[in-house]
Amino acid sequence: MAGSTDVASEHAPDGYEDEDGHEHEHRSRWPLVAAVGAATLYLGAGLFFVGGDLVPSVLPTVLAPVGAVGLVVGLAGWANEAFVADYRQSRGGESALYSTTMVLFLASDVATFSAGFVYYAFVRVGAWPPDHLPPLLGSLVLVNTALLVASSVTLHYGHEALEAGNRQRYLGLLGVTLLLGVVFLVGQAVEYYELVVEDSFTFSSGILGSAFYGLTGLHGLHVALGVLLIGIAFGRSLRGHYTPDRDTAIRTTSLYWHFVDAVWIVLVLVLYVGSTV
């Protein structure tokens with residue numbers, strides 16, 4: 001029996017409890033890969049828009065896609081290691097380190113969004129309103145906001161249902177959350193279409209256009225990633241991968257989704273409502 005336990009511990013991932021209740025420390029390279037990829041992507045994008053004649057034009061053209069690939073690979077490896085491999089290999093409970101890692105990731109994301117809001121603050125310091133300011137605050141934005149807030153509520157109570165052992169209620173609420181996230185993305189695509197086609201308001205429409213599409217596009221990217229995570233969680237839930245004692249993936253995904261929701265509310269207040277003031 002001791003030999004089989006040693007074999008299981010040898011092949012199990014770090015950051016889990018074995019049959020004897022021993023906690024194993026977890027070390028992962030994937031968050032670092034994702035962080036380096038994101039930094040490279042941001043550097044390439046920054047040089048593309050403001051580098052001008054400071055660097056050769058080929059440099060941002062290479063850095064941005066390489067960084068994007070690094071970010072995607074890092075996030076995919078991280079998600080697989082944290083939420084898939086552990087289920088296949090671990091025989092014990094899940095490590096709370098994954099929740100801590102998600103909190104640290106979101107803290108870095110606060111800095112990312114803060115940079116965008118600081119840029120918008122500099123836009124507002126100038127003459128306002130600008131020459132070409134379409135009506136940003138409309139019914140579509142209000143509907144999208146209601147959808148995203150509702151999705152946080154359904155995810156919260158869905159997680160509570162999982163912890164209470166109510167599988168059917170959990171699956172139903174998680175499925176509704178996934179649907180609301182998809183509809184939000186469709187609504188944002190419709191909003192972009194109306195602004196670009198009907199109002200001729202594009203990314204190149206001055207510094208306001210770059211601020212608006214930079215912030216809303218960054219948030220939309222986060223929503224799309226959240227929808228992907230919830231979709232994976234929903235698929236795994238249908239296979240019975242989660243129980244009241246095994247819910248780390250749902251907990252960390254909930255943290256991420258609530259963060260995205262909170263950022264959207266701030267974005268609506270600052271950007272959409274702020275444009276009318």
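Fair warning: this is a prediction, and the values are worked out from it, not measured in the lab.
With a 4.5 Å cut-off on side-chain heavy atoms, R251 and H159 count as touching. Looking at V268 and L142, their side chains never come closer than 4.5 Å, going by heavy atoms from C-beta outward. H222 has its side chain within reach of D109: a pair of non-hydrogen atoms, C-beta onward, lies under 4.5 Å apart.
Closest heavy-atom contact between L229 and Y256: CD1-CD2, 4.3 Å. Looking at every heavy atom in both residues, L174 comes nearest to L155 through CD1-CD1, 3.7 Å. For Y192 against G217, the heavy-atom pair with the smallest separation is OH-N, 3.1 Å. Taking each heavy atom of F234 and L171 in turn, the nearest pair found is CE1-O, 3.4 Å.
A side-chain contact (heavy atoms from CB on, under 4.5 Å) with L147 holds for exactly one of V143, T145, V149; it is V143.
A single hydrophobic cluster is seen to contain both L218 and V227, as judged by linkage of ILVMFWY side chains at heavy-atom distances under 4.5 Å, directly or through other members. Connection of V273 to V263 is established within a shared hydrophobic cluster, with ILVMFWY side chains joined at heavy-atom distances below 4.5 Å, either directly or through further cluster members. In the hydrophobic clustering of ILVMFWY residues, with side-chain heavy atoms under 4.5 Å counting as a link, V260 and V183 come out apart. Using a 4.5 Å cut-off between side-chain heavy atoms of Ile, Leu, Val, Met, Phe, Trp and Tyr, with links allowed through other members, V153 and I265 fall into different hydrophobic clusters. Residues L179 and W264 do not share a hydrophobic cluster, defined by chaining ILVMFWY side chains whose heavy atoms lie under 4.5 Å apart.
Among residues two or more places apart in sequence or in another chain, the ring pair (Phe, Tyr, Trp, His ring centres under 6.0 Å) test is passed with Y120 by none. Applying the ring pair (Phe, Tyr, Trp, His ring centres under 6.0 Å) criterion to Y170, with sequence neighbours excluded, gives no partner residue.
Without hydrogens or angle criteria, Q188 side chain to T216 main chain gives a donor-acceptor distance under 3.5 Å. Not one N or O on the side chain of T253 forms a donor-acceptor pair closer than 3.5 Å with the backbone of I250. Proximity of a side-chain donor or acceptor of R167 to a complementary backbone N or O of S237 within less than 3.5 Å is detected. Under the 3.5 Å distance criterion, the side-chain polar atoms of Y119 are left unmatched by any main-chain donor or acceptor of L215.
The structure places CG of L148 at 5.5 Å from CH2 of W257, a figure rounded to the nearest 0.5 Å. A distance of 7.0 Å separates CG in L43 from CG in L59, rounded to the nearest 0.5 Å. Separating the OG1 atom in T243 from the CG atom in L162 is a distance of 7.0 Å, to the nearest 0.5 Å. Atom CG of D261 and atom OG of S254 lie 12.0 Å apart (nearest 0.5 Å).
For Y272 and F212, the gap between ring centers is short of 6.0 Å.
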Legend entry - Worked check of side chain to side chain contact (heavy atoms under 4.5 Å, CB included) between V266 and F113: CA-CA 10 Å; V266 174; F113 278 102; over 6 Å; no

Legend entry - Trace of the side chain to side chain contact (heavy atoms under 4.5 Å, CB included) decision for L271 with F117: CA-CA 9 Å; L271 190 59; F117 283 116; 5.7 Å; no

